[in-house]
Amino acid sequence: MTSASDELCFLTVSEAGRRIEARQLSPVELVEAHIDRIERTKPALNSFITLLADEALEQAREAEREIAAGGYRGPLHGVPIGLKDLYYTKGILTTVGSKIMRDFTPGYDAAVTERFEEAGAALLGKLQMHEFALGATSVNPHDGPARNPWDTSRITGGSSGGSGAAVASGQCMAALGSDTGGSIRIPSGLCGIVGLKPTFGRVSRYGVHPLSWSLDTVGPMTRTALDSAIVLNALAGYDARDPSSVDVPVEDFTAGIEGGIRGLRIGVPTDFFYDVIDEEVAAAMCEAAGVLTELGATVERCSIPALDHALGVSGAILVTEAAETLFDHLRDRPEDIGADVRARLYLGAMTPAVDYIKAQRARSAYNAQLADAMKTYDLLIAPSVAVGAPRIDQELVEVGGRRENALSLMSRLTRPFNLTGQPTISMPCGFTSEGMPIGMQIAGRLWGESTALRAAHGYEQATEWHTRKPGGLVGG
Amino acid sequence: MPARARQVTRDSILAQAAALGLVIEEGEMDGLAGRVRSAAEDVEKMDGLGIEGREPAVKFRARAERSGL
């Protein structure tokens, strides 16, 4: 393969879709380029659990036939994508990153798998993840660690680490992650891509292996905000099969994306987010706030004291719900669960019901404070992860002169927005001096994905962080 | 350390685990006890959020509406 085929792998979804619609680009050529790139980079990244090369090529051929016959379906038609390995795919292995479900083949598709099929996308494979999605590193004891394309000795973050690595490295044009405590936004931040956690209830969770029923959220991971909007267009909508799905109008998320940032009121919460943070990450956030101001937004510091309780409240809820979901595995096969995940599940199992219910009541009080803030601000911005990606074997990270547990640090800044269920994007806003990506979160009002995407797109037009590609890999 | 957290011991955890049918390896007990104490402390701090009169965040309104009751 040539560098020309690698260039195809770094097209945006929007550009590839435009060329496919104009019949300037063949879906078969596009999928072949990606399969070739996966074959060359897979050993370095360990991002796929199951590769579906033949199936994806057949889907691409079908797309090509349909388009030639005048049946163009839309911007995902013939576009190669990947799914985190917890989305059910009929007849295709779905391991949830676990040893226990190593041979599990679902008998039906997840709602989002169906939506991608309807959109005509080509499924390249199932992506690596933290075991059972209960962890933020994607260092998986059964499959090995997913590796960061910017430096393969470092973690991708998790739990959707394979999705982060695959999109950042040009192995697929878009992927799905899932986000319970930051599992879309952490790997997006650490791998330098755009990850969108939509409003809770916006995208169906039917056929998604559950972790925490009151927090799990499904969303896209792409290289631009516009691409996230395109994927969200395909996924969003009410589904009666998912009890948490909400029947609200679904707009075209790409429609107003060029609308600019001028006039938006953006809050920068100073409580909590900057208590434990690397200086370079804080500086990048300061610079990003300046860019947003130059683009015409009103950016001001704000105080939301409830944020100091975010970790305690979300911790009590997440691990308890996870322990209930995975209880049979924990009781019957604890030796087949990785030590870190097992420890979290035991903690959840030991949480008394009174504490869980108290945490859900505390969540109401917490959400009320955030809702008040969102009456004043259209958006909040905050760092995605407090540090650049740590090394795979690194247990402690030096931050502000203190040594912090690397694992705990990963989800520290993302969990606050899972409690509220508000839509939140992570997007690139800089790099550390060691060359690792820095992510910024943009949180919108409930059902306000369009405004958050508009701000993210506007920021991208004024900066070049999202255009950088990881070097060092074959053809990178 | 708050009273609740102080009452968390290896024996209390083992008793709770036994009631749930869980077998926890000896080597995992110390770490778990520390995490359970820390979680109990976090729960006590939640009073600072002003939760009096608050209902749990998770409601079943949508489901109830759909049931037609």
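All chains are named by letter (A, B, ...) in the order of the sequence lines, taking the proteins before the strands, and each is independently numbered beginning at 1.
Identified by a heavy-atom distance below 4.5 Å to chain B, the contributing residues of residues 328-338 of chain A are A:Leu330, A:Arg331, in residue-number order. Contacts from residues 404-418 of chain A to chain B, taken as heavy-atom pairs separated by less than 4.5 Å, involve no residues at all. Of all residues in residues 343-354 of chain A, those placing a non-hydrogen atom less than 4.5 angstrom from a non-hydrogen atom of chain B are A:Ala343, A:Tyr346, A:Leu347, A:Ala349, A:Met350, A:Thr351, A:Pro352.
The line from CZ of A:Phe200 to OG of A:Ser214 is 6.5 Å long, rounded to the nearest 0.5 Å.
Shown here for A:Tyr274 and A:Ala382, the closest heavy-atom pair between the two residues is OH-CA, 4.5 Å.
A salt bridge does not link A:Asp239 with A:Arg205: none of the charged nitrogens is closer than 4.0 Å to a carboxylate oxygen.
In terms of modelled atom types and a separation under 3.5 Å, the side chain of A:Glu449 and the main chain of A:Pro198 share no donor-acceptor contact. Side-chain atoms of B:Ser12 never come within 3.5 Å of backbone atoms of B:Val8 as a donor-acceptor pair (strictly under, hydrogens ignored). Put simply, the side chain of A:Lys197 gets close to the backbone of A:Gln422: a donor and an acceptor are under 3.5 Å apart.
For A:Arg241, the CZ atom sits in a packed shell: over 12 heavy atoms of surrounding residues, nucleotides or ligands are nearer than 6.0 Å. Atom CD of B:Glu25 has 12 or fewer neighbouring heavy atoms from other residues, nucleotides or ligands inside a 6.0 Å radius.
Checked by atom type, the side-chain pair A:Thr424/A:Arg185 shows no donor-acceptor distance below 3.5 Å.
In this structure, the portions of A:Ala359 lying under 4.5 Å from any heavy atom of chain B include both its backbone and its side chain. Both the backbone and the side chain of B:Ile24 come within less than 4.5 Å of a heavy atom of chain A.
A:Thr217 meets the side chain to side chain donor-acceptor pair (under 3.5 Å) test with no other residue; sequence neighbours excluded.
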*Worked verdict on A:Thr420 versus A:Asn367 for side-chain hydrogen bond (donor to acceptor under 3.5 Å, both in side chains)*: CA-CA 6 Å; A:Thr420 56; A:Asn367 286 354; 5.2 Å; no
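Counting heavy-atom pairs under 4.5 Å between each of A:Gln369, A:Arg342, A:His309 and chain B puts A:His309 at the top.
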